[in-house]
Undergrad: 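Here it is, the structure, as structure tokens.
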Amino acid sequence: MDLINLRILDVLDITLVAVLLYYVYKLVKGTAAIHIFIGIVIIYLVWKLTQFLAMEMLSSVLGEFIGVGMFALIVVFQQEIRKFLLMIGSTNFARRRAFLRQLKFMRDIPKDTIHDVKSIIQACNTMGNSFTGALIIIKRSTPLDFIKTTGDTMNIQVNAPIIESVFYKNSTLHDGAMVIENNTIVATRVILPVSNDRAIPLRFGLRHRAAMGITEKTDALALVVSEETGQISYIKNGEFIIFKSNEELIEKLTEDLS
């Protein structure tokens, strides 16, 4: 009879847990961590079943395992936990800011915060055609001061010729990454943290690993132009974003920066 007597709060509780599990699954989907996640869910469900059936000994063993295992999970899911907290603390906050703008609580929005996405993609296409390697990081809400200090400080408004000249093969600034904030190039020759994810295909070099590393640790966006193939890669949240054309890439980048 207790199972039939469900309160509205119980239904809400179950729904929120289901939503949380869905987003955690979505976060680890496609990685090696997905198998660990599924194993944890199975063990947890078996533990709850043994509690319901009053199987005290097995329930106690599984309970101790889950209790001690939480500390191990923090180590195993270190990157996933960082991405999950980043998703809550940065992306959602940016959405809340956009919501406040719509309510006109933040009326004074400077026009220079609108990124010239077309110029950035135009420069990437030109560099791709000449097989010029490039790595561009675009700031969203997470501060990037900890990487900007590793390079040369700049203060140049974004335009295609400037981006191309920075990454020109004989330029002294072409090594490292370029950082863009509020449509302004604020740093060049920046050193980025490199991702240790073993799932990255071997055909991708240090530029791609660096792009994945910074997007795993912050909510920044990364554009990489391959020196070998001339192909443009778009990376967000430590993952490659698939696009079919330059127009689709411009659309995706504009949406992510809005």
Side-chain angles (χ1 to χ4, degrees), residues 1-107 140-143 197 199 212 215-221 234-243 248 251-258:
M1 293 299 294
D2 290 338
L3 290 176
I4 300 175
N5 259 340
L6 285 175
R7 302 174 302 162
I8 295 178
L9 286 177
D10 294 331
V11 175
L12 179 62
D13 187 23
I14 294 170
T15 303
L16 290 176
V17 170
V19 170
L20 178 63
L21 289 175
Y22 169 74
Y23 277 105
V24 172
Y25 172 77
K26 198 174 177 183
L27 192 68
V28 299
K29 183 181 178 182
T31 68
I34 183 63
H35 304 292
I36 303 174
F37 172 74
I38 294 173
I40 292 169
V41 171
I42 292 173
I43 291 174
Y44 181 79
L45 292 176
V46 171
W47 176 46
K48 285 299 179 182
L49 179 63
T50 56
Q51 284 185 325
F52 178 75
L53 298 175
M55 301 170 67
E56 295 182 4
M57 184 175 293
L58 184 56
S59 174
S60 176
V61 171
L62 291 175
E64 291 293 330
F65 174 80
I66 290 175
V68 176
M70 288 303 295
F71 295 100
L73 289 178
I74 295 175
V75 178
V76 174
F77 288 102
Q78 188 176 12
Q79 288 188 354
E80 284 73 18
I81 291 172
R82 185 188 293 115
K83 287 171 65 176
F84 182 71
L85 294 176
L86 178 63
M87 181 177 65
I88 294 173
S90 298
T91 307
N92 290 345
F93 178 73
R95 288 178 181 174
R96 286 197 293 270
R97 261 194 328 189
F99 178 71
L100 290 176
R101 288 194 188 106
Q102 290 178 359
L103 294 178
K104 298 183 180 180
F105 285 120
M106 299 172 65
R107 296 182 181 180
R140 289 204 283 180
S141 60
T142 307
D197 189 353
M212 294 194 70
T215 56
E216 285 172 353
K217 292 176 172 60
T218 71
D219 68 342
L221 307 175
Y234 177 36
I235 301 172
K236 179 178 73 170
N237 296 329
E239 297 177 353
F240 287 85
I241 306 302
I242 305 300
F243 57 91
E248 186 178 352
E251 184 179 339
K252 286 178 179 291
L253 193 57
T254 303
E255 182 182 349
D256 290 334
L257 289 170
S258 61

Undergrad: Hey, what do you get for CG (L16) to CG (L9), rounding to the nearest 0.5 Å?
TA: 10.0 Å
Undergrad: Would you find a donor on one side and an acceptor on the other, under 3.5 Å apart, between the side chain of T215 and the backbone of K236?
TA: no
Undergrad: Output yes when a side-chain donor or acceptor of S60 lies under 3.5 Å from a complementary backbone atom of E56, and no otherwise.
TA: no
Undergrad: Given side chains that start at C-beta, do those of R140 and D256 come closer than 4.5 Å, heavy atoms only?
TA: yes
Undergrad: Any chance you could measure N237, atom CG, to M212, atom CE, to the nearest 0.5 Å?
TA: 10.5 Å
Undergrad: Hey, which of T50, V46, L53 is the one that makes side-chain contact (heavy atoms from CB on, under 4.5 Å) with S59?
TA: T50
Undergrad: Decide yes or no for F243 and L253: does some side-chain heavy atom of the first lie under 4.5 Å from some side-chain heavy atom of the second?
TA: no
Undergrad: Looking at CD1 of I241 and CG of L221, how far apart are the two atoms once the value is rounded to the nearest 0.5 Å?
TA: 9.0 Å
Undergrad: Could you check whether any side-chain heavy atom of K48 comes within less than 4.5 Å of a side-chain heavy atom of Y44, counting everything from C-beta outward?
TA: yes
Undergrad: Please round to the nearest 0.5 Å and tell me the distance separating atom NZ of K252 and atom CD of E248.
TA: 5.0 Å
